[in-house]
Structures are given as C-alpha cells and as structure tokens.
Amino acid sequence: MSEVFEPVIIGFTCNWCSYRAADLAGTARIKYPPNVRLIRLMCSGRLDPTFVFKALSSGADGVLITGCHPGECHYIEQNYKALRRYLLIRRTLKQMGIEPGRVKLVWASAAEGVRLAEEITILVEEIRQLGPLDWPGKITGKGQVAFLEESPAKEAVV
Amino acid sequence: MTSQDNPEKDQGKRIGVYVCHCGTNIAGTVDVEDVRDWALEKLGDRGVVISRDYKFMCSSLGQELIEKDIQEEKLDRVVVAACSPHLHEKTFRTACSKAGLNPYLCELVSIREQVSWVHSDKVAATAKAKAVLSGGVERVIHHQPLDPLHVPIQPATLVVGGGIAGIQAALEIADSGFPVYMVEREPSIGGHMAQFDKTFPTLDCAACILTPKMVDVGSHNNITLLTWSEVVRVEGYVGNFTVTIKKKPRYVDEELCTGCGICVEKCPKKVIDEVFEAGLGYRKAVYTPFPQSVPKFPVIDYENCTYFQKGTCKACEKFCPTGAIDFNQKEEFITIQVGNIILATGYDLFDGRRVTQYGYGRLANVYTSLEFERLSNAAGPTNGDIVLRDGVTHPASVGIIHCVGSRDRNYNNYCSVICCMQGLKFAHLVKERTGATVYNFYIDMRTAYKAYDEFYQRVLEEGTLFVRGKVAEVTDAARLPGEEGKLIIQTEDTLVGKQRRIPVDMVILSIGLEPRADSREVAKLFGISCSSDGWFTEKHPKLDPVATMTEGIFIAGAAQGPKDIPTSVSQGAAAAARVLGRIQQGEIELEPVRATIDESRCSGCRICNNLCPFNAILFHSDRMVSEINPALCQGCGTCVAACPAGAISGTVFSNEQILSQIEGLLLLNVAPMGGTG
Amino acid sequence: MSIQTVVSPQDTNPNVRFLEEVSLHTAGVSRLEMCIQCGTCGGSCPSAADMDHTPRMLFAMVRAGMRTEALSSNTPWICVSCYHCVVRCPQEVHIADVMYTLKSMAIKNKLYKDATAPDFSQTFVEMVENYGRSYEFGLATRHYLKHFPLRLPNMAPMGLGMLTKKRMDLRPKKIKGIDQLQAILERAKEVEAVS
Amino acid sequence: MNEYLFYPGCSMESNAIAYSESLKAISKPLELVLKEIDDWNCCGATEYVGISLTPAYALITRNLALASRQAKDSHTVVAPCSACYLNLAKADYYMRESPRLNQNVNTALAAGGLSYRPGSLEIRHLLDVIINDIGLAEIKKHVVRPLSGLRVAPYLGCMVPRPDYDQRWSDAEHPTELDRLLKALGAEVIDYPLKTHCCGGHMTQISPSTAFELIRRLISSADQYHADLMVTLCPMCQMNLDAYQNETNKHFGTHYHMPILFFTQLIGLAFGLDASELGIGRELVSARAALSKIGVEPPPEEPKPPRRRKEKTTGLPMPQMPAEEEVV
C-alpha cells in the first residue's frame with residue numbers, strides 16, 4: 001500500500017468521440033494517471049444513471065462521463081439527454097450526502113486526446129482530494145452491508 | 001453483486017483469454033505473462049479455461065491459435081486483450097466465425113491504447129491491464145450469439161437538390177438503369193452553378209458545361225423530376241423509405257404548357273429577382289428563373305401576381321395558346337418508395353451586411369460575389385457589362401476582399417474553400433473586361449488542387465495587385481487628397497508593416513459559404529446529424545465522406561461543407577456509386593447493435609417514443625405497447641437507459657453486460673484473498 | 001505511483017516565456033497565442049501612423065520573445081483604446097487589454113522611450129489615489145508644465161474658456177471613504193505583487 | 001417610473017456640467033429616477049489599467065460593491081460617460097470570465113470591508129436606458145419643439161458600442177440607437193460614417209498631434225456632410241471635439257466651427273425646455289448659430305474675463321493657478 005490515496009475511477013465513453021479520443025491519446029503516447037478504467041457505450045445517451053450508482057456503490061471513488069460536444073452527437077442530440085441525467089445524478093448524490101464532484105461530465109471529440117488526458121489528470125487529483133468514497137459504509141454506517149465489507153475491491157488495487 | 005447471487009447464469013461457460021504483446025508495444029509496459037497467469041488463476045471460477053499470450057495476436061498465426069482452441073477446447077467465449085476494438089474487433093470476430101463460433105461471442109479489450117501507451121509505471125499498468133481484462137471476461141459471459149440484420153433494398157433512389165452535385169448523382173444512377181426521383185425547391189434545377197459566368201480555373205462558361213447535364217436530367221427516362229417541390233416527410237428505413245413530397249402550385253399545367261414563354265412576355269408585373277439575379281435584376285410575376293431552365297414550365301409568383309393580389313389581370317391566361325394557366329391549382333402531396341436517399345441541398349451565402357465595416361448595403365458600390373457573378377454574366381442584368389450601381393460607369397479601380405464572413409470567429413470559423421479562387425477569377429474578369437486596376441486583399445492565398453496555383457500565377461502575370469492583410473474597413477469618408485468620391489479600403493499591408501488607404505471605385509466582397517438556413521430542420525427530417533456549424537455530418541471525415549450515420553442516407557456537395565464544383569461533382573458520383581452498390585446487392589447486412597422492447601414488461605408510458613432521434617419506436621395504441629423497428633434503430637441505447645420499466649434491452653450493450661463489466665473492472669470477481677500487489 | 005502530467009518540459013529562457021507572461025498579466029483571457037497575423041488590428045488602428053510598430057507586428061515580436069524591443073515600443077502608449085481592432089479581430093484576441101498589460105510591464109521594467117504617457121498615467125493615478133476622484137485642473141497643469149511647457153500659452157485660452165464656462169474645478173474633490181479606498185488599493189497592490 | 005442606480009463619473013461634475021444639467025432637466029418629464037451611488041470614486045479612466053491590473057480593477061469594483069450594497073429596487077447601474085460605462089462593464093465581465101481576477105479583486109475589496117459578486121448588477125449606458133427602457137414612443141410624446149431642419153451628425157465614439165460585452169447595442173460599428181433617437185426628436189440625421197470612430201481619448205495630453213488628427217477627421221467629415229452640429233454621449237468626446245477644436249484648427253490651419261452638444265441637451269430642446277436650463281452656452285464652440293435654425297435663443301454669452309494681455313509672454317504659465325501647490 002502506498003501512502004498516497006489512489007482512487008479508482010470508472011469512465012464511460014462514447015464509441016464515436018471520447019473512446020476514440022482515448023485511442024488517440026494512446027496513439028500519441030500522452031501520459032495520464034492509470035486510475036481510470038473505461039467502458040465503451042455506443043453513445044453517452046446510453047448512460048443509465050444506475051451505472052453510475054452501481055460503480056460508486058461497488059468500490060469506485062469517482063465516475064467520469066464523456067460524450068460528444070453539444071451539437072456533434074452521432075445520434076443527433078442524445079448527448080443532451082446525458083447532460084440532463086448528469087445533472088440529475090449530481091443532485092441525487094448531493095441528497096445522499098455524497099460529494100457531487102465525484103461525478104464529472106466532459107465533452108471530448110475524437111480529436112481531443114490531449115484534452116481527455118488532461119481532464120482525467122485533473123479528475124484523479126480532484127477525487128484524490130475528496131478521499132476514498134467508502135460507500136455504502138459512509139451512508140449506512142459500517143457493518144450494515146455485510147457482503148460489501150468483504151469486498152476486496154480496495155485491496156485489489158494498488 | 002457478485003456471482004454467488006446468480007450461480008447458474010455462468011454455468012458451462014468456457015472462456016479463452018488471449019493476451020497480446022504487440023511486440024514491445026504492450027509487453028514493454030505490461031507484464032504480459034503475469035496477466036496471462038493471473039487470468040487463469042483468478043478468473044478460473046469465472047469460466048476462463050485457457051489463457052495464452054502471443055507476440056502478435058492479430059497475425060494469421062495468432063488468429064489460428066484462437067481458431068484451434070475454439071475447435072479443440074470447445075471454447076464458447078473469447079476475450080482478446082490487445083489493441084483498440086476500432087482497429088481489430090473485426091479481425092478477431094472473423095477468426096471466431098471461421099472456427100464456427102458466433103462472432104459476437106468475442107470481446108476485444110484495449111490494453112495498448114488505454115494502458116501500455118498511456119502509462120509508464122509497469123506495476124500500475126499491469127494491475128490496470130488485469131482490471132480491464134477482468135471487465136472483458138465479466139462482460140463476455142453475457143454476450144449472446146447474434147446474426148446481422150438483412151434488409152432488402154428498393155431500387156429507386158431519391159436525390160434531394162438539383163444543383164451540380166445532385167445532378168451528377170442522379171445521372172450516374174439513372175444511366176446505370178435505375179429509377180431516380182429528383183426533388184428541387186426552386187422552379188428550375190441548376191443550383192448556384194447556373195448563376196455563374198465562368199468557372200475557375202479553366203474559365204469554362206458555366207452554362208456551357210451545366211446546361212447539357214440539366215437537359216439530360218429533364219429528359220432522362222429513369223428520372224422523375226419534381227421541381228418547385230419539397231420533401232415534407234420521411235418514414236421507413238434503409239432499403240424502404242416512404243417519402244412524402246409537397247408539390248407547390250405552379251399555377252401552370254405542366255401537361256399543357258409548351259414553355260413558349262408568351263405568358264412571361266405579356267405579364268405586366270416586374271419584380272426584383274432576389275434569388276437567381278441576387279437582387280441585381282428583374283423578373284416577371286410569372287417566370288422561369290433563366291432561359292435554359294429545366295423544366296421549361298414557368299411558375300406564377302403568388303405574392304407578386306396582380307391577379308392573386310388584386311383580383312384582376314389574367315394577362316397570362318388570356319395570351320396562353322394552350323390554356324395551360326390554372327389559377328385554381330392547389331398544392332399536391334406525392335408519396336414515393338425509395339431504397340436510398342442522397343441529400344445534395346447545397347449552401348447559402350453569408351450575408352455581407354453583417355460585416356458592417358465593409359459597408360455592404362450602405363455603400364452603393366460594394367458588391368457581393370454572387371452579385372458580381374450576375375454582373376459579369378453575359379446573360380445577366382447588364383449583359384456582362386461590369387458597371388457601378390449607376391448602371392453606366394465602368395470602374396477604373398476595383399478592390400476584391402477575401403475571407404468575408406469566413407475564418408473569423410465573429411462569423412464563421414471555417415475557411416470557405418472557394419473564395420480565394422473566386423477572388424482570382426473576379427480579378428481576371430475585371431481586368432479582361434474593363435482594364436481597371438485590381439487589388440486582391442487576402443490573409444493567406446489558398447490555391448491547392450489541380451491547376452489552381454497556375455491560375456494564381458496567371459492573375460499575377462496579368463498585373464493584379466495583391467495586398468496581404470485582412471481589410472479593416474471600407475469607407476466613403478475621404479480624408480486624404482484623391483479620396484473624394486471613392487470607396488477607401490483601409491488595411492494594414494502586413495508585408496510592409498504599414499497602414500494603407502487605397503481608394504477604389506468598386507469593392508467586391510468574396511463572400512463565404514454557409515449551411516442552408518434550414519439545414520438543421522432538414523437534417524432532423526432525414527434523421528441525420530449536423531456539425532455545430534450546421535453542415536451535414538459525414539460518417540467518417542476521411543474514410544466515409546458521403547455516407548451518414550443513418551443507413552441509406554447519403555450526402556453530396558456543399559451540404560456537407562464548403563466545396564468547389566469539381567469536388568461537388570466527385571461527391572455526387574461517389575454517393576451514386578455507394579447507392580448503386582447497395583441496389584445491385586439487393587439487400588444489406590446491418591450490425592445487430594439494436595434495442596428491443598419486451599412487450600410483457602412495457603407499460604405503454606411512451607417515454608421512449610420521443611427520445612428516439614430516428615423515429616424507430618412505434619406505439620401500438622390498440623395494445624398500449626411500444627415497439628422498436630430494428631431496421632430504423634441505430635443502437636444508441638438512449639431508450640434502454642430511459643425505460644422506467646426496464647422493458648427495453650440493447651443487444652451488444654445490455655444492462656447485464658455493462659453492469660458486469662463494472663464489476664469486472666472493480667475486480668469484484670477476484671477471490672477475497674487475491675491481492676494483486 | 002506518482003501523478004503523471006501532460007505538461008511538456010518548459011523552456012526556462014524568460015524571453016521564450018514572454019508570451020505566457022503577457023497573457024498571465026492580462027485581465028480575462030488574452031488569446032494572444034491565437035493571432036494569425038492578418039493585420040486587421042493594424043488596418044483598423046486610428047493612430048497606427050504614429051506607432052513604432054503596428055499592433056500585429058508587436059504581437060509577432062511578443063511571440064518571438066523580443067522582450068526588450070516589444071516593451072520599448074511606443075505602440076501601446078499610442079493606443080487610444082477605441083476597440084475597433086478588438087471587435088474586428090477574427091481571432092478574438094483581446095488586443096486593447098494586451099496593450100494595457102504591455103504598458104504596465106514597460107513601466108515595471110522602465111523600458112519606455114518617452115516618459116510623457118507613463119508620467120501622465122502615473123500622475124492621474126496618484127491623484128485618484130489621493131482624492132478618489134480625478135482632478136483635471138491639477139492633472140493638466142502639472143502634466144503640461146512638465147512635458148509641454150511651451151504649449152501652455154497655447155492652451156491658456158482653452159483653459160480660461162473652461163474656467164469661465166464653469167467647466168473646470170480649481171480645487172480637487174475628495175471622497176469620504178478615501179481611507180477605505182486606500183486600504184483596498186494597498187491590498188490590491190500586495191495581491192498584484194505576488195500574482 | 002424608471003429607477004436606477006447612477007454612477008455619474010468625475011467629468012459630470014466638471015467639464016461635462018452641461019451633460020449633468022441637461023440630464024437633470026429631462027429626467028423629470030421622462031420620469032427617470034437616478035439614485036447616485038454614495039461616495040463613488042473615479043473609475044480610473046484608461047490610465048490605471050495601464051499601470052497595474054489588480055489595483056485598477058479594485059478601484060472600479062469598489063463602485064460596484066457600493067452599488068450592490070445600495071441596490072434595492074434596481075440592480076441596474078447607469079453610467080453617462082463612455083469610459084466609466086466600459087470600465088464598470090468590463091470589470092464585471094472579466095471577473096465573471098476569470099476566477100483568478102475575481103478572487104484577487106475581492107481580496108482587495110475585503111480590506112475595505114467590501115465585496116462584489118460579478119454578474120449581480122446590470123451595467124448600462126444612459127442612452128441604452130433612455131432608448132430601450134423609456135422608449136421612443138414615450139419620448140415622442142414629450143416633443144413640443146421638433147428639431148426640424150437641424151442637420152445633426154450622431155457621434156457615439158468608441159467605448160459605448162464596443163466591445164459590448166453583453167450584446168446591448170445594435171452594432172459595434174454602425175449602431176442605430178442614437179440615429180433613431182434624434183430622428184424621433186425631429187432632427188435631420190446624417191448617415192455619419194465616422195460615428196463610432198475615435199475622438200483621440202487621452203491623446204490630447206500625451207501626443208497632441210495624434211489627437212488633433214483624430215479630431216480633425218471627425219469634424220471635417222461632419223463638415224463635409226454639412227452638419228449643423230455633432231451630438232455626443234460622452235464627456236471625453238465632447239471635451240476633445242469642443243475644447244480642442246480651436247487648437248486643432250490652429251494645428252492644421254483650418255477654420256472649422258462645429259458645435260458639439262450632448263444628446264440630453266437636444267432631448268431637452270425638443271421637449272421645449274429652456275436653453276439655459278440645459279447647459280447650452282457652456283460649449284466653447286458656440287451652438288448659437290446652429291440652434292437659431294430651430295428658433296432657440298441661447299443664453300447670452302458670459303462676459304469675457306478681464307484681459308491680461310500684459311502678462312502674455314512666452315513660456316509663462318497661467319498665473320491664476322493656486323491649486324498647483326496643493327496637488328504636487
């Protein structure tokens with residue numbers, strides 16, 4: 001275990017823009033911290049808020065949502081729906097007593113590998129400042145959800 | 001949730017894991033052997049029965065390795081940890097297919113673009129590679145065997161827009177023996193090109209090369225030409241679109257009209273022609289836009305017709321030899337069936353009045369490029385005589401300003417492509433016809449493409465003066481001797497580093513191109529997308545420039561972005577080739593990334609209905625359930641995420657697949673003891 | 001493991017970083033790096049004829065790291081803040097604000113060639129700091145005495161006219177909260193010094 | 001009733017006293033209530049920003065902080081001077097755009113027990129308020145002496161329509177607001193091509209020859225159009241074009257005589273108010289002849305000051321400057 005807290009972040013990417021931006025960051029060998037693990041969706045509009053809560057309640061400390069810039073959605077305007085859900089998710093988290101800053105929405109076109117890497121770097125630092133999420137321990141009090149207490153998620157990651 | 005919640009669901013899975021070195025691309029940063037061993041050890045209870053590594057998985061030897069395992073080890077799922085799925089997903093799916101495994105039971109996870117190339121700490125990169133692989137394994141468990149969708153293709157094609165791009169596309173298809181419907185909003189086809197005098201760089205007369213093609217369209221047996229018409233509704237999907245077209249009333253019976261032109265001659269009402277003559281000339285209230293119009297039938301302009309506005313006149317009717325004038329004509333709606341659609345709706349011109357410092361609209365002798373095209377056109381309002389607004393004076397000096405409305409964040413960021421060459425063409429024409437001194441004011445001279453720079457050289461040779469500097473203002477406020485009564489162009493000559501004031505008689509603004517004012521509505525009508533500027537978005541900017549994200553809808557010409565004539569023609573032909581390929585195959589295969597509704601769980605709330613941008617969701621009011629048309633669905637998954645009853649599921653990106661992948665990425669599947677260091 | 005940033009190694013030569021420095025001391029976003037050298041600014045400028053360099057050239061010099069030459073140019077001092085270039089600039093460079101920045105850097109580095117304009121600004125600012133209001137009469141006389149003593153007789157009729165038309169106060173006005181204002185400005189100077 | 005917070009700016013109490021007087025006179029019929037910000041300070045003109053960034057913005061923002069403290073019925077600050085208007089609007093805009101500037105400025109303000117949240121006030125120019133809030137229809141109702149036959153060059157200068165951070169003006173180069181107002185007053189308005197060009201600003205103090213050229217351009221152009229007078233909405237523009245016109249004439253050997261009035265003075269005249277009430281006669285280039293065209297009798301010229309011909313030798317400063325020592 002290192003002394004610095006290393007957060008785990010799940011990132012949702014759009015097949016047409018941000019996933020390709022991540023590919024581009026790779027091709028260009030742009031370095032960013034390894035704390036983010038990406039999931040490919042066809043569109044940010046596919047993002048079911050459940051996915052975010054599932055990730056946070058299963059051991060992730062933060063969630064990154066990415067999509068095409070407004071007006072550039074490959075499915076015409078579905079990224080606007082993602083935007084609405086994002087705002088809803090943040091509000092819900094706040095009501096639950098969780099820092100809304102753990103979830104972040106970033107628009108990144110297929111050409112913006114550098115930008116995506118920068119945003120990831122910033123987000124990792126922001127989540128690091130927030131500290132471990134420790135959900136549901138934080139909400140329900142420790143020991144109430146047995147199976148998650150046994151969850152090795154934290155230990156599994158350096 | 002971990003697997004103990006639902007133990008039976010993973011039963012009998014035999015998963016093969018293949019970790020690629022990609023030479024040292026991956027192996028240099030990720031401990032590939034460690035990942036390989038870890039997968040077998042820790043993911044064994046998830047169904048991983050084989051785990052191998054190989055130098056280059058995508059090579060034929062690597063693929064054969066997978067194929068052999070599938071057959072000999074009876075694998076029913078495959079996970080390859082290598083590069084981005086955008087690069088080799090197809091490769092590995094094909095390999096599975098060859099070995100008899102449904103290709104959709106293969107998952108490719110990226111440990112190159114997303115791991116080895118972006119991280120340098122080997123321990124951390126290896127740990128992340130494991131997590132990414134684990135996500136893939138969890139996901140692949142929920143993959144279903146899928147078949148591509150097969151859709152039959154109707155042979156007829158709709159071409160929207162009768163400019164040069166649409167004309168080229170329509171002729172290519174019609175000449176190949178297939179039916180084409182061409183819809184044009186204006187009374188005649190021809191588009192902007194019909195308004196031009198000469199075309200760069202060869203200075204062919206635009207009419208000479210365009211009119212034969214227009215005549216071909218008008219007389220082609222395979223082309224049904226619908227001018228003065230607009231598409232109002234598009235239903236259906238690739239292979240089988242149902243399109244409703246509104247035919248605006250011409251008040252002229254096309255069956256009876258011979259195009260003799262007597263009605264036009266006799267009409268007493270003259271109005272300024274804002275469209276074809278760019279406001280520089282007149283037409284009658286009954287008119288054809290220009291003499292070579294196709295079709296030759298005139299149109300009565302309702303707004304300006306004396307009979308329609310005042311109730312008397314009917315001069316046209318009185319003199320028509322065939323009784324073709326029909327004041328009672330109503331708009332008609334025509335429905336057609338087509339397999340593919342090509343949108344070639346063209347562009348609008350930037351409104352020069354917006355750059356107030358150039359004085360267009362305030363200072364008489366400032367012209368726009370389109371006005372100058374008409375002014376210099378032998379068939380235009382002055383018969384090609386280049387004169388000031390007074391109609392008689394020839395300019396002794398002319399300034400041509402480039403980049404008006406383009407490359408300017410106050411208006412449009414993009415380069416309008418044609419303006420440099422257009423400015424050079426104008427310089428040549430002015431010089432040739434008037435002998436005036438001509439200045440070109442430019443920021444950068446962009447004359448890429450065949451024979452363009454040679455034309456620049458020619459214009460230099462002719463003695464046109466070039467000033468590098470974006471013009472600051474055009475004013476009539478004289479300050480220095482010699483400026484009285486002139487238009488003064490004030491600019492920095494950036495090559496000299498001094499401000500200059502150059503008095504001229506005439507200013508021509510090389511106006512940029514803009515998307516059609518209604519491009520967003522048109523895009524919505526056809527279910528395609530626009531860039532933030534408003535240009536139609538192609539499927540891929542380099543490798544698929546004429547297709548769109550919507551199957552069966554293609555784009556050509558300047559509707560996709562600023563273009564000159566040669567490129568528009570190429571795109572028209574390219575779009576036609578794509579359509580012809582489809583027609584000749586008779587059917588197409590579509591990726592099975594689709595959403596479906598479980599009717600038994602659908603509550604009929606209709607939330608999904610309005611979310612779909614492709615109108616793929618139908619509501620059956622009799623049964624109070626929604627249904628998704630698989631051929632229309634493009635698989636974005638928005639409805640899946642929105643369904644409050646969880647009745648909609650998406651193939652390839654189902655809830656189970658994604659939720660399991662989250663678990664995998666968080667390593668919830670790894671036995672509690674198993675730290676990975 | 002440590003955070004890996006995407007920042008590339010920086011050149012430590014202060015001249016190379018001149019552009020960054022100018023941007024940093026400009027209110028809002030300067031966008032100076034976006035200049036495409038089109039000359040709209042130089043063409044628009046009403047006082048370009050009196051400038052050492054057109055604004056466009058000055059920006060090229062800033063980007064070329066020509067610190068001393070750029071800061072000694074009279075161009076920012078001749079700028080009349082008419083904002084023609086600002087609204088016309090196709091790249092939305094905040095030209096007028098960059099000019100203010102270059103002035104303040106020139107003063108800081110004592111690189112201006114002609115002291116007339118810097119003195120005028122400084123005199124103006126001193127009066128404002130002392131009274132909280134501008135004081136035209138004092139400003140004009142003091143400034144003219146120092147820089148245009150020979151012009152004063154020429155100006156006399158105008159000054160006299162202004163006086164007789166009751167358009168000039170002979171005495172400065174002081175605001176009530178001058179102490180408060182001075183405290184604010186003092187703190188602002190401290191903040192400016194560290195930023 | 002239209003009520004606003006009012007930031008007069010230093011000039012309104014000195015060189016632009018006529019602007020002040022005429023504004024006061026027309027406020028009544030227009031039901032315009034301007035509540036002066038208590039103890040406002042100078043906006044720094046175009047000088048302070050050229051010296052130091054944070055102090056300059058802190059100086060401007062002290063006024064906004066005071067205004068927001070005073071804001072009850074109105075959150076709109078009205079400024080009659082172009083430079084003041086721009087400075088206030090600019091500080092508000094840049095503090096919105098740059099969190100760093102916002103923080104620095106507020107840190108400084110805290111030293112005086114003040115704070116300002118950018119975006120919490122609307123900052124507008126007097127003409128904007130008169131034309132858009134009060135409206136031309138209302139203005140026309142009060143016109144009893146149309147300015148018929150008076151050829152007017154509408155001159156806005158630079159800093160009102162530009163850079164226009166909040167899109168309040170019809171155009172940055174050829175705005176129509178002033179033209180429409182003057183037409184509503186019945187004047188003959190010329191399409192004055194230099195209506196937003198520069199009057200020279202502070203160049204009269206720094207580089208007089210630069211300033212004289214800019215002044216000459218404006219006046220000669222208005223003269224070419226046979227304008228009877230020019231109308232401004234900025235104390236600095238009025239001052240440069242009026243008070244330095246004689247100097248400019250000397251510099252170029254020209255003989256222009258172009259009266260420069262404030263738009264509020266013309267509104268007052270059209271409303272039938274008395275010329276003396278509107279500060280008419282305070283201009284150095286007399287508007288007497290021009291105004292006779294509309295039958296206005298300006299107040300009699302002030303008696304000439306006692307001649308001091310004897311003391312007029314080269315190089316001597318004006319003797320009556322006791323304030324000099326106080327300043328230094």
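Each chain gets a letter, A, B and so on, in the order its sequence line appears, and its residues count up from 1.
Annotation for B:Ser529 and A:His74: closest pair OG-O, 4.3 Å, computed over non-hydrogen atoms. A pairwise comparison of heavy atoms in A:Tyr75 and B:Gln634 identifies CE2-O, 3.6 Å as the closest pair. Minimum heavy-atom separation, A:Ile39 to B:Leu665: CG1-CD1, 3.3 Å.
Put simply, CG on B:Asn655 and CZ on A:Phe51 are 4.5 Å apart, with the number rounded to the nearest 0.5 Å. To the nearest 0.5 Å, atom OG of residue A:Ser58 and atom CG of residue B:Leu667 are 12.0 Å apart. B:Thr638 contributes atom OG1, which lies 6.5 Å from atom NZ of A:Lys81 (distance to the nearest 0.5 angstrom). Between atom NE2 of residue A:His69 and atom OG of residue B:Ser531 there is a gap of 13.0 Å, rounded to the nearest 0.5 Å. Interatomic distance, B:His86 NE2 to A:Arg20 CZ, rounded to the nearest 0.5 Å: 3.5 Å. Rounding to the nearest 0.5 Å places CZ of B:Phe653 at 5.5 Å from CE of A:Met42.
Listed options B:Val132, B:Val593, B:Ile528, B:Thr537 were ranked by heavy-atom pairs under 4.5 angstrom with chain A; first place goes to B:Ile528. Between chain B and the residues A:Thr50, A:Asn15, A:Leu47, the largest count of heavy-atom pairs under 4.5 Å involves A:Asn15. Ranked by heavy-atom pairs shorter than 4.5 Å toward chain A, the options B:Pro85, B:Ala595, B:Gly650 are led by B:Pro85.
In this structure, the side chain of A:Arg46 does not engage the main chain of B:Cys636 through any donor-acceptor pair within 3.5 Å.
Contact of A:Cys14 with chain B is not made at all, since no heavy-atom distance falls under 4.5 Å. Heavy-atom distances place both the backbone and the side chain of A:Leu41 under 4.5 Å from chain B. Using a 4.5 Å cut-off between heavy atoms, A:Arg40 contacts chain B through both its backbone and its side chain.
Side-chain atoms of B:Lys524 and A:Ile76, non-hydrogen and from C-beta on, never get closer than 4.5 Å to each other. The shortest side-chain heavy-atom distance between B:Trp117 and A:Lys31 does not fall under the 4.5 Å cut-off.
A donor and an acceptor atom, one from each side chain of B:Gln114 and A:Tyr19, are located under 3.5 Å apart.
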